[in-house]
Number of protein chains: 2
Amino acid sequence: MAAFENNSERDVRAAGAGTSPGRSLPGEQDVVRQRFIEEAGRFTQSLGLGRIIGQIYAYCYFCPSPCTLDELAEHLAISKGSASTMVRQLESWGALRRTWIKGDRKDYYEASDAFGRIVRNAARDIVGRSLDSVNELLEETGLPAADPDDDDIRFVQERIEKLRAFRDRTQGLWNSPIVKMLMKAKG
Amino acid sequence: MAAFENNSERDVRAAGAGTSPGRSLPGEQDVVRQRFIEEAGRFTQSLGLGRIIGQIYAYCYFCPSPCTLDELAEHLAISKGSASTMVRQLESWGALRRTWIKGDRKDYYEASDAFGRIVRNAARDIVGRSLDSVNELLEETGLPAADPDDDDIRFVQERIEKLRAFRDRTQGLWNSPIVKMLMKAKG
DNA sequence: GGGTACGTTCAGTTTGTACTGAACGCTTTG
DNA sequence: CAAAGCGTTCAGTACAAACTGAACGTACCC
């Protein structure tokens, strides 16, 4: 709601990059920014990641210069705690990079545009641990060794075997060079 | 909790498939079933789909014969309403197939083992609509036509263009024959 | 036509969790 | 050393979504 108002420190900084020196009123591009930030929030929320994480990334993505925590908290009208937590989450996915400006104690964050890598990292982080748990069960499940004649036991064994086969087939899919290539940004 | 107790109609039917005629006590395979059902519930829940949907699929997947709604509700200790809703969700993903037994008014459900297709359908259903919303925004966003000299406007334009490029590159990824092949079950 | 036996729907409740904001530890500055 | 500025943490809260179960509609049977 309070995003990209033009009376703050950051907007002055951002406006400084423009060619119209006296320009400080919100331009049409700020409306566009605002809509993308909202949409990104809806997107990540509908994915069960919460609204804030999408908003933070979108805000940084559309910032010409790195952002600080306070900036994010103020413009997105969120608590500093949430900003801190979500920023580190995004950083762990490679979605944000932490930078510093010498003589300034604040941390600055800038968005990466390597979307493919970000999505892969996030997906791995989210479904990865759940899948690990499933895999563990698939491994440790020693089939009932006795009674190979029991139809029910053999049925269960076959079902588990099919799961294992699928797991093996898809395991290397994320790391497949083909998929990587398809998602790679080319300049 | 009450899953796979051995005093119910269904277990009698399941036990009938075994080779040991008098056998009605829970075998070791039922313990395995139970663990897979629990794990499936955890899995879908950690994915934000709820616990029940995974449990239902796992129950059906490890059933040698099709299941009914009442059976699912009773053995998984869930309400019939949830069973009905989730079963239709799974059916829409191709995870369950609805069958009938003549002379019986109940609906019967059996699990598909085409995991690849199920995952693709589910993923498309879940992230699809969210992505549609994003794509809509990407399309309808006419860039600020005026002021091509404004650095800030050009910056926003470039960022949006990069998003469009990634969208175009990844759009056909799910339907890519390579990915389809990698996920296909081979007999 | 009444009475079952189904599956479905939906208002209500409960459960889970995203988010807040105050307190904390650490580092730098005066 | 005190004080301010920074990021982090965590108990508490508020909100949303999962889940329930009673009411409903419909098809079949006596």
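Any value given below was found using the heavy atoms of this structure, including those in side chains, with hydrogens, waters and symmetry copies removed. Lettering follows sequence order; numbering is per chain, from 1.
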> Quick one: is A:Ser82 getting a side-chain N or O under 4.0 Å of the C:dC19 phosphate, OP1 or OP2?
Replying inline: no

> Once you round it to whole Å, what is the distance between C1' of C:dA18 and CD1 of A:Ile126?
Replying inline: 15 Å

> At under 4.0 Å, does any side-chain N or O of A:Ser84 touch on OP1 or OP2 of D:dG7?
Replying inline: no

> How close or far is atom P of D:dC28 from atom NZ of B:Lys102, stated in whole angstroms?
Replying inline: 16 Å

> Less than 4.0 Å between a side-chain N and a carboxylate O, is that true for B:Arg42 and B:Glu39?
Replying inline: yes

> Taking the side chain of B:Ser79 as its heavy atoms from C-beta onward, which of D:dT8, C:dG7, D:dG21 lies nearest to it?
Replying inline: D:dG21

> Closest to the B:Thr85 side chain: C:dT9, D:dG7, C:dC6?
Replying inline: C:dT9

> Is any side-chain N or O of A:Arg88 closer than 4.0 Å to OP1 or OP2 of D:dT9?
Replying inline: yes

>> Does B:Glu136 have more than 12 heavy atoms from other residues, nucleotides or ligands lying within 6.0 Å of its CD?
In response: no

>> What's the closest nucleotide to the side chain of B:Leu69 if the choices are C:dT9, D:dG7, C:dG7?
In response: C:dG7

>> For A:Arg124, I'd like to know if atom CZ has over 12 heavy atoms of other residues, nucleotides or ligands within 6.0 Å.
In response: no

> Taking CG from B:Leu49 and P from D:dA17, how many angstroms apart are they, rounded to a whole number?
Replying inline: 13 Å

> Taking the six-membered ring for Trp, is the centroid-to-centroid distance between A:Phe115 and A:Tyr61 below 6.0 Å?
Replying inline: yes

> Can you tell which of C:dG7, D:dT8, D:dC19 lies closest to the side chain of B:Arg51?
Replying inline: D:dC19

>> Distance check needed: C:dG21 C1' versus A:Glu74 CD, whole Å only.
In response: 17 Å

>> Assuming nearest nucleotide by heavy-atom distance, tell me which of B:Ile78 and A:Tyr109 is located more 5' along DNA chain D.
In response: A:Tyr109

>> Please compare B:Gly48 and A:Arg105 by the position of their nearest nucleotide in DNA chain D and report the one closer to 5'.
In response: A:Arg105

> Rounded to whole angstroms, how far apart are CD on B:Gln89 and P on C:dT8?
Replying inline: 13 Å

> Would you call A:Val32 and B:Ile160 a side-chain contact if the rule is heavy atoms closer than 4.5 Å?
Replying inline: yes

> In whole Å, what is the span from the CE atom of A:Met86 to the P atom of D:dT9?
Replying inline: 12 Å

> How many Å lie between NZ on B:Lys80 and P on D:dC24, as a whole number?
Replying inline: 16 Å

> Relative to the 5' end of DNA chain C, which residue comes earlier, A:Gln45 or B:Asp107, by the nucleotide with the nearest heavy atom?
Replying inline: B:Asp107

> Taking atom P of C:dT4 as reference, at what distance in whole Å does atom NZ of B:Lys106 sit?
Replying inline: 17 Å

